[in-house]
There are 2 protein chains.
Amino acid sequence: MLRLSKLTDYAVVVLIRLSDAERASGDAVHTAPGLAVATGVPEPTVAKVLKALAGAGLVVSQRGARGGYRLARPVDEVSVADVITAIDGPIALTACVDGGTGSCDVESMCAVKGRWDLVNDAIHAALTGISLTDMRVASIPLVFRVPASLSAAE
Amino acid sequence: MLRLSKLTDYAVVVLIRLSDAERASGDAVHTAPGLAVATGVPEPTVAKVLKALAGAGLVVSQRGARGGYRLARPVDEVSVADVITAIDGPIALTACVDGGTGSCDVESMCAVKGRWDLVNDAIHAALTGISLTDMRVASIPLVFRVPASLSAAE
DNA sequence: TCCTATCAGGACCCCAATAGTCCTGTTTGA
DNA sequence: TCAAACAGGACTATTGGGGTCCTGATAGGA
């Protein structure tokens with residue numbers, strides 16, 4: 001279904017939560033267990049997400065006691081495309097787009113060879129244009145957010 | 001990786017091939033095995049793809065001896081979004097967007113609840129704007145993409 | 001009218017990628 | 001020196017997709 005991995009979803013949640021926590025507490029560093037509790041996502045999973053985000057440079061890690069994670073840059077400067085790339089790797093809808101030419105065994109008679117990049121570029125542009133700030137539902141308090149009624153769209 | 005299923009890729013190939021075949025032969029009905037040979041995609045897989053396309057109304061099936069499939073409407077009126085919807089179901093990046101509200105167990109504290117639809121709409125718009133005609137590589141000679149000997153086998 | 005070849009439709013199974021967990025090592029502050 | 005917290009890896013279970021097979025239906029021919 002053109003699925004996005006759940007890890008990416010979690011990553012967005014964690015990043016926004018991290019942003020809110022920094023503003024609320026003034027404390028720049030927050031731990032993985034703390035974020036896990038705040039978001040409701042299992043702690044090992046949060047740790048895994050944060051590791052990936054740290055590797056991509058979206059967050060900065062501080063090791064040792066009193067360590068934790070902090071945002072590398074404001075959330076409004078982070079696009080959805082950045083998060084997806086950090087968690088899932090480069091955005092590529094089909095193996096044809098990113099992979100080598102040898103990966104597709106029907107390549108020689110593939111009528112659309114080289115054209116998925118058109119679709120790919122369109123999606124990439126769409127995702128780059130949306131920042132994490134856009135993803136945040138600003139009017140509602142973070143914790144215990146009201147579910148249901150919001151999902152009716154489309 | 002924001003992966004598109006291979007079936008969708010095959011579907012685009014098959015649809016374009018079907019369009020070419022109809023114009024070339026004048027015969028409106030083409031069989032699944034014939035299209036499989038023409039595209040290089042395994043026959044059962046082509047059959048599966050065609051079934052899904054028929055269910056979505058993109059192609060029309062003709063059962064019985066001398067049966068087969070034909071396009072329900074010209075390929076330039078079919079968007080990539082149509083094909084993806086036919087094969088993979090409704091375009092929904094996350095379970096939050098399409099599914100029921102009960103599917104997400106951290107729903108109550110999900111900071112981005114109801115906002116993936118924004119991303120979803122952007123992608124849907126991008127995909128709707130691309131037709132199968134756009135996906136076709138016009139510059140490559142037909143004979144190279146569709147070997148004459150294979151085409152005659154239908 | 002019946003038989004048979006042919007093709008669509010549906011069911012099924014296997015594999016691979018992903019999600020999630022756990023363990024050990026390293027680092028740093030108290 | 002101890003404890004807290006991240007880093008990195010391996011490991012396992014599960015979901016979904018890819019592919020195959022079988023059954024039912026249809027049309028043409030005898």
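By convention in this document, chain letters (A, B, ...) are assigned in the order of the sequence lines, proteins followed by strands, and residues within each chain are numbered from 1.
- If you check residues 49-62 of chain B against DNA chain C, the residues with a heavy atom closer than 4.0 Å are B/Lys51, B/Ser61, B/Gln62, listed by number.
- B/Arg70 places its CZ atom 15 Å from the C1' atom of C/dA8, with the value rounded to the nearest Å.
- Between B/Lys6 atom NZ and C/dA16 atom P there is a gap of 11 Å when expressed in whole angstrom units.
- Nucleic acid contact class of A/Ala47 (heavy atoms, under 4.0 Å, all strands): none.
- Using modelled atom types, one finds no donor on one side chain facing an acceptor on the other under 3.5 Å when comparing B/Asp82 with B/Thr85.
- In the hydrophobic cluster analysis, where Ile, Leu, Val, Met, Phe, Trp and Tyr join through side-chain heavy atoms closer than 4.5 angstrom, A/Ile16 is grouped together with B/Leu118.
- Residue B/Thr31 has no polar side-chain atom (N or O) positioned under 4.0 Å from OP1 or OP2 of C/dT6.
- In terms of phosphate contacts, B/Tyr10 brings no side-chain nitrogen or oxygen within less than 4.0 Å of OP1 or OP2 of D/dG17.
- Note: CD1 (B/Ile87) to C1' (D/dG16) measures 15 Å, nearest angstrom.
- Atoms OG1 and CG, from B/Thr133 and B/Asp76 in turn, are 4.0 Å apart once rounded to the nearest 0.5 Å.
- Checking D/dG17, D/dT20, C/dT21 against every side-chain atom of A/Pro44, the shortest atom distance belongs to C/dT21.
- In this structure, the CG atom of A/Leu4 is 15 Å from the C1' atom of C/dA17, given to the nearest Å.
- In terms of position on DNA chain D, the residue among B/Arg63 and A/Ala65 whose nearest nucleotide sits closer to the 5' end is A/Ala65.
- Put simply, CD1 on B/Ile84 is 13 Å from P on D/dG17, counting in whole angstrom units.
- With salt bridges taken as basic N to acidic carboxylate O contacts below 4.0 Å, one links A/Arg23 and A/Asp20.
- Going from atom CG of B/Leu7 over to atom P of C/dA16 covers 17 Å, rounded to whole Å.
- Remark: side-chain polar atoms of A/Glu43 are not paired, donor with acceptor, to backbone N or O of A/Ala32 under 3.5 angstrom.
- B/Leu35 places its CG atom 9 Å from the P atom of C/dA8, with the value rounded to the nearest Å.
- Legend: residues meeting side chain to side chain donor-acceptor pair (under 3.5 Å) with B/Thr8, ordered by chain and number and at least two apart, are B/Ser5, B/Asp88.
- Relative to the side chain of B/Tyr69, the nucleotides C/dA8, C/dA19, C/dT21 differ in distance, and C/dA8 lies closest.
- Residue A/Pro33 is in sugar-phosphate contact alone, with no base atom involved, counting any heavy-atom pair closer than 4.0 Å across all strands shown.
- With the nearest nucleotide of DNA chain C identified for both A/Arg66 and A/Lys48, A/Lys48 has the one nearer the 5' end.
- With hydrophobic clusters built from ILVMFWY side chains whose heavy atoms lie under 4.5 angstrom apart, B/Val60 does not share a cluster with B/Val83.
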